[in-house]
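Notes for the one structure printed next.
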Amino acid sequence: MSDAPFCWPCRVYWEDTDGGGVVYYANYLRFFERARTEWLRARGHEQRDIAEKLGLLFVVLRVEVDYRSAARLDDQLVVSCEPRAAGRVSIEFQQRIHRNGLDGQLVAEARVRAACVDARTLRPRRLPEFAL
């Protein structure tokens, strides 16, 4: 795995916010999830193909989120994704959301542990090489 974090830019839309124009706390999980999906896509792998052709799924086992500052309607954000193997079947991601790029204010950070499972049985399977 590369030492440089994968970065995915996004914008805050009305649908991401509460009545006050602040990102609803659970929606940060959506930003983190999308960045992990885009990390896979940047490595040449689509979630659907992984499930259909390889018979594998990634399931989240644990999430810890620290909220540092509020993101608001129309903010431009960058979500980073730094994966590290955490055993034969699991992978851990350190993720951060910054406002207006990596040099901007830290909005939230998360530690996400995901496991690779068989798409049919949901039993643990070895991580594929492209995820290491």
Side-chain angles (χ1 to χ4, degrees):
M1 287 185 219
S2 171
D3 290 338
F6 171 80
C7 294
W8 176 67
C10 64
R11 182 180 296 277
V12 175
Y13 296 102
W14 186 256
E15 66 195 33
D16 301 318
T17 65
D18 60 16
V22 174
V23 172
Y24 181 65
Y25 79 96
N27 286 336
Y28 290 97
L29 295 176
R30 293 174 188 248
F31 294 139
F32 290 132
E33 175 75 24
R34 291 172 189 162
R36 291 191 307 276
T37 297
E38 294 302 327
W39 167 77
L40 273 174
R41 185 172 283 132
R43 296 172 75 93
H45 301 279
E46 301 282 335
Q47 293 273 19
R48 182 178 295 166
D49 289 343
I50 294 169
E52 292 174 359
K53 294 177 182 172
L54 301 179
L56 300 175
L57 299 173
F58 292 98
V59 295
V60 172
L61 301 174
R62 178 183 173 96
V63 176
E64 293 179 52
V65 180
D66 294 316
Y67 301 97
R68 303 296 184 187
S69 62
R72 297 181 177 273
L73 180 65
D74 291 327
D75 278 355
Q76 292 183 32
L77 306 173
V78 171
V79 186
S80 66
C81 181
E82 297 177 77
R84 289 184 179 77
R88 290 185 357 209
V89 300
S90 63
I91 188 167
E92 191 163 289
F93 296 90
Q94 177 69 40
Q95 294 189 262
R96 292 178 181 86
I97 299 175
H98 287 88
R99 184 176 291 103
N100 298 323
L102 290 177
D103 57 346
Q105 185 176 24
L106 179 62
V107 174
E109 56 187 334
R111 286 151 305 285
V112 181
R113 188 176 185 116
C116 183
V117 299
D118 185 278
R120 191 177 49 78
T121 67
L122 300 182
R123 297 186 70 71
R125 292 263 307 268
R126 187 178 210 48
L127 284 169
E129 286 294 320
F130 62 79
L132 300 175

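Side chains are part of it too, since the values below use all heavy atoms of this structure and drop only hydrogens, waters and symmetry mates.
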Could you grab the distance from atom CD of Q76 to atom SG of C10, nearest 0.5 Å is fine?
9.5 Å
In terms of hydrophobic clustering (I, L, V, M, F, W, Y; side-chain heavy atoms under 4.5 Å; direct or indirect links), are L73 and L77 co-clustered?
no
Short side-chain donor-acceptor distance under 3.5 Å, R36 and Q95:
yes
Close side-chain approach of Q105 to H98, heavy-atom, < 4.5 Å
no
Separation of R111 CZ from R84 CZ (nearest 0.5 Å)
12.0 Å
Taking a hydrophobic cluster as the set of Ile, Leu, Val, Met, Phe, Trp and Tyr residues connected by side-chain heavy atoms closer than 4.5 Å, whether directly or through intermediates, do L54 and L40 fall within one such cluster?
yes
Answer yes if V117 and L127 sit in the same cluster of Ile, Leu, Val, Met, Phe, Trp and Tyr residues linked by side chain heavy atoms under 4.5 Å apart, and no otherwise.
no
Using modelled atom types and a 3.5 Å cut-off, is there a donor and acceptor pairing between side-chain atoms of Y67 and backbone atoms of Y25?
yes
Should V22 and F32 be regarded as members of a common hydrophobic cluster, given that ILVMFWY residues are connected when their side-chain heavy atoms come within less than 4.5 Å of each other, either directly or indirectly?
no
What residues form a side chain to side chain donor-acceptor pair (under 3.5 Å) with R30, not counting sequence neighbours?
N27
R125/D118 ion pair, N-O < 4.0 Å:
yes
Do F58 and Q47 have side chains that get closer than 4.5 Å, going by heavy atoms?
yes
Interatomic spacing from CZ in F93 to CH2 in W39 - rounded to 0.5 Å
4.5 Å
State the CG-CD distance between L61 and E92, to the nearest 0.5 angstrom.
10.0 Å
Are the side chain of Y28 and the backbone of A71 linked by a donor-acceptor contact shorter than 3.5 Å?
yes
Measure across A70 and V107 and return the closest heavy-atom pair with its distance rounded to 0.1 Å.
C-CG1, 4.4 Å
Given 3.5 Å as the limit, does a donor-acceptor pair link the side chain of R96 with the main chain of L106, or not?
no
Under the side-chain hydrogen bond (donor to acceptor under 3.5 Å, both in side chains) definition, can you give me all pairs with a residue in residues 6-19, not counting sequence neighbours?
none
Please report the interatomic distance CG(D75) to CZ(R99), rounded to the nearest 0.5 Å.
4.5 Å
Atom pair OG (S90) and CZ (R126), whose distance is rounded to the nearest 0.5 Å:
11.5 Å
Is it true that V89 and V63 fall in one hydrophobic cluster, defined by side-chain heavy atoms closer than 4.5 Å?
no
